[in-house]
2 protein chains.
Amino acid sequence: MRLALLSLLKQKPLETITIAELCREATINRGTFYLHYKEVHEVFKEYLEVIVEDLKQSYEEPYYKTNYHIQNLEADMIKIFHHVKEYKDFYQIIFDERIPMMYYYLLFDTIRSFMKESIEGHFELDQSIQLDYLISYQTNAILGILIEWHRHGYATSIQELNQHLITILSINSPFEKY
Amino acid sequence: MRLALLSLLKQKPLETITIAELCREATINRGTFYLHYKEVHEVFKEYLEVIVEDLKQSYEEPYYKTNYHIQNLEADMIKIFHHVKEYKDFYQIIFDERIPMMYYYLLFDTIRSFMKESIEGHFELDQSIQLDYLISYQTNAILGILIEWHRHGYATSIQELNQHLITILSINSPFEKY
DNA sequence: ATTTTTATTGTACACGTGTTCAATATATAT
DNA sequence: ATATATATTGAACACGTGTACAATAAAAAT
């Protein structure tokens with residue numbers, strides 16, 4: 001099933017792949033599909049789990065390397081842009097205009113939970129609601145860079161992006177305060 | 001047409017409204033629909049233009065009030081959260097998991113163009129590509145607050161949100177540098 | 001008023017959707 | 001090996017999609 005989807009994704013965008021088509025490709029009965037999934041997106045979501053797993057590792061790497069002192073971040077510690085470039089084909093799908101928000105939220109929640117851990121574990125929290133907003137602010141800001149990268153057709157080099165992120169974070173760090 | 005859509009939106013979510021249904025509601029032929037639109041989203045998008053227009057005014061208000069010196073921002077100058085709450089029903093649709101990214105990007109681009117104007121017009125730019133990333137970072141950060149608000153069911157008060165935004169921006173201002 | 005242009009309608013078609021149900025196949029247990 | 005449970009299949013159904021085309025209606029031009 002997942003193999004059939006990958007095969008079709010090489011030919012046409014996700015949003016144009018129908019359930020009937022997918023079943024023909026996988027030579028299974030359409031009724032059988034409905035016993036396992038409700039829509040094509042659920043198959044894609046399964047595949048995405050692998051990628052999100054890799055994202056987690058890429059994202060937390062600088063936290064390990066700086067021992068959760070993100071102020072000491074160096075450009076070559078950032079691995080998240082490597083990760084996105086490696087799975088570029090998938091991020092192109094996720095950031096596509098026609099694709100439902102669910103995938104974006106999947107990314108958001110993944111990065112957000114890291115952000116939360118790294119802040120809550122190493123800084124004392126004053127008001128937790130306020131923190132929720134701060135974390136979402138910071139999380140989505142990072143995703144803003146990915147959106148911009150996407151719009152530049154992933155042409156900007158990873159080194160440059162790392163440098164931008166460092167610059168932005170240094171101008172603009174909520175961590176100093178805590 | 002737009003009226004028919006609004007009427008149906010009171011009964012069921014946007015993603016479940018079919019073209020056939022919309023045409024029945026508006027008592028026009030389905031073929032006629034295809035002469036003007038390609039999908040239900042295009043009708044909704046038309047309606048959104050009104051809201052985006054209001055968003056623009058809400059967003060730029062603090063810039064006028066502080067005469068583009070955003071450092072002097074005061075809580076009661078922020079009107080964007082008033083705006084979102086006023087059109088809460090629509091933002092609930094836009095931030096829905098099943099809805100395509102296109103609406104999110106519409107918001108993103110609207111806010112982004114303001115961010116760009118306000119920065120480019122009042123600060124000297126060094127590298128324009130770097131600036132692109134900074135602007136998208138900042139823009140999406142704001143949208144991160146709206147996502148968080150959405151997830152709290154728009155329960156957080158506007159006053160509190162204004163205060164959060166000020167706090168975040170004061171910790172975290174890219175404008176000081178310029 | 002009558003022609004010309006443009007918009008809308010009804011009908012049809014091949015395909016997809018989501019569901020149901022009996023029939024068949026496959027796996028698991030005894 | 002045989003019975004029992006579980007999975008898959010094929011066929012059918014009412015509905016939606018996108019497209020095509022001739023027929024009719026409405027608007028604009030002469």
Side-chain angles (χ1 to χ4, degrees), chain A residues 1-52 89-107, chain B residues 1-51 89-106:
Chain A
M1 196 78 258
R2 258 161 284 173
L3 293 175
L5 181 61
L6 285 182
S7 166
L8 286 177
L9 277 175
K10 283 169 190 156
Q11 300 161 37
K12 48 183 0 216
L14 179 58
E15 281 304 284
T16 69
I17 295 173
T18 68
I19 291 171
E21 213 171 357
L22 193 53
C23 291
R24 275 197 301 274
E25 179 75 23
T27 49
I28 63 133
N29 192 277
R30 198 162 58 84
T32 314
F33 177 93
Y34 284 107
L35 290 171
H36 297 279
Y37 308 98
K38 266 165 67 185
E39 37 175 10
V40 178
H41 287 299
E42 289 181 31
V43 186
F44 187 69
K45 221 171 178 176
E46 269 186 15
Y47 195 86
L48 263 187
E49 281 170 24
V50 183
I51 291 152
V52 165
D89 292 349
F90 286 91
Y91 283 93
Q92 265 170 337
I93 295 172
I94 289 171
F95 286 125
D96 186 280
E97 279 205 339
R98 294 161 296 177
I99 248 61
M101 292 286 285
M102 55 189 293
Y103 300 118
Y104 185 85
Y105 286 141
L106 204 71
L107 288 186
Chain B
M1 195 81 258
R2 259 160 284 173
L3 293 174
L5 181 61
L6 285 182
S7 166
L8 287 177
L9 278 175
K10 284 167 190 156
Q11 300 161 38
K12 49 186 354 219
L14 179 58
E15 282 304 284
T16 70
I17 295 172
T18 68
I19 292 172
E21 212 171 358
L22 193 53
C23 291
R24 275 196 301 274
E25 179 76 22
T27 50
I28 65 135
N29 192 277
R30 198 161 60 84
T32 314
F33 177 92
Y34 285 107
L35 291 171
H36 297 281
Y37 309 97
K38 269 164 66 185
E39 36 174 12
V40 177
H41 288 299
E42 287 180 33
V43 186
F44 187 69
K45 221 173 179 175
E46 270 185 15
Y47 195 86
L48 262 188
E49 280 170 25
V50 184
I51 290 153
D89 293 348
F90 286 92
Y91 284 93
Q92 266 170 337
I93 294 172
I94 290 171
F95 286 125
D96 186 279
E97 279 206 338
R98 292 160 298 177
I99 248 61
M101 292 285 287
M102 55 188 293
Y103 300 118
Y104 185 84
Y105 286 141
L106 204 72

Rounded to whole Å, NZ of B:Lys38 lies from P of D:dT17 at a distance of 15 Å
note: A:Tyr37, atom OH; C:dG16, atom C1'; distance rounded to Å ~ 20 Å
The nucleotide from D:dT17, C:dT8, D:dT9 with an atom nearest the side chain of A:Asn29 is D:dT9
In whole angstroms, the gap separating P of C:dC15 from CG of A:Leu22 amounts to 18 Å
Exercise for the section: Please test B:Glu46 against B:His41 for side chain to side chain donor-acceptor pair (under 3.5 Å), starting from the C-alpha separation and ending with a verdict. Expected result: CA-CA 9 Å; B:Glu46 270 185 15; B:His41 288 299; over 6 Å; no
*asked:* Classify B:Leu35 by what it touches in the nucleic acid, base, sugar-phosphate, or nothing, heavy-atom distance under 4.0 Å.
replied: base
Practice task
Flag the pair B:Leu14 / B:Leu5 as yes when at least one side-chain heavy-atom distance between them is below 4.5 Å, and no otherwise.
Solution key: yes
From the candidates C:dG16, C:dT8, D:dT17, the one with an atom nearest any side-chain atom of A:Thr18 is C:dG16
note: B:Phe33, atom CZ; D:dG16, atom P; distance rounded to Å ~ 14 Å
Side-chain heavy-atom pair A:Met101, B:Arg98 within 4.5 angstrom cut-off:
no
Separation of D:dG16 atom P from A:Glu39 atom CD, nearest Å, is 19 Å
A:Arg24 atom CZ is separated from C:dT17 atom P, nearest whole Å, by 9 Å
B:Ile19 has its side chain closest, among D:dG16, D:dG18, C:dT17, to D:dG18
Rounded to whole Å, CE of B:Met1 lies from C1' of C:dT8 at a distance of 14 Å
Can you see if the side chain of A:His36 gets near the phosphate of D:dT8 - specifically, an N or O under 4.0 Å from OP1 or OP2? yes
Rounded to whole Å, CD1 of B:Ile28 lies from P of D:dA26 at a distance of 15 Å
**Request:** Could you label the plane-to-plane angle of the A:Phe44 and A:Tyr103 rings as parallel, tilted or perpendicular, counting under 30° as parallel and over 60° as perpendicular?
**Result:** perpendicular
Next on the checklist: Quick check against the 3.5 Å criterion: does B:Thr27 have a side-chain atom that pairs as donor or acceptor with the backbone of B:Arg24?
Outcome noted: no
Return yes if the base of C:dG18 and the side-chain atoms of A:Arg30 contain a donor-acceptor N/O pair under 3.5 Å, otherwise no. yes
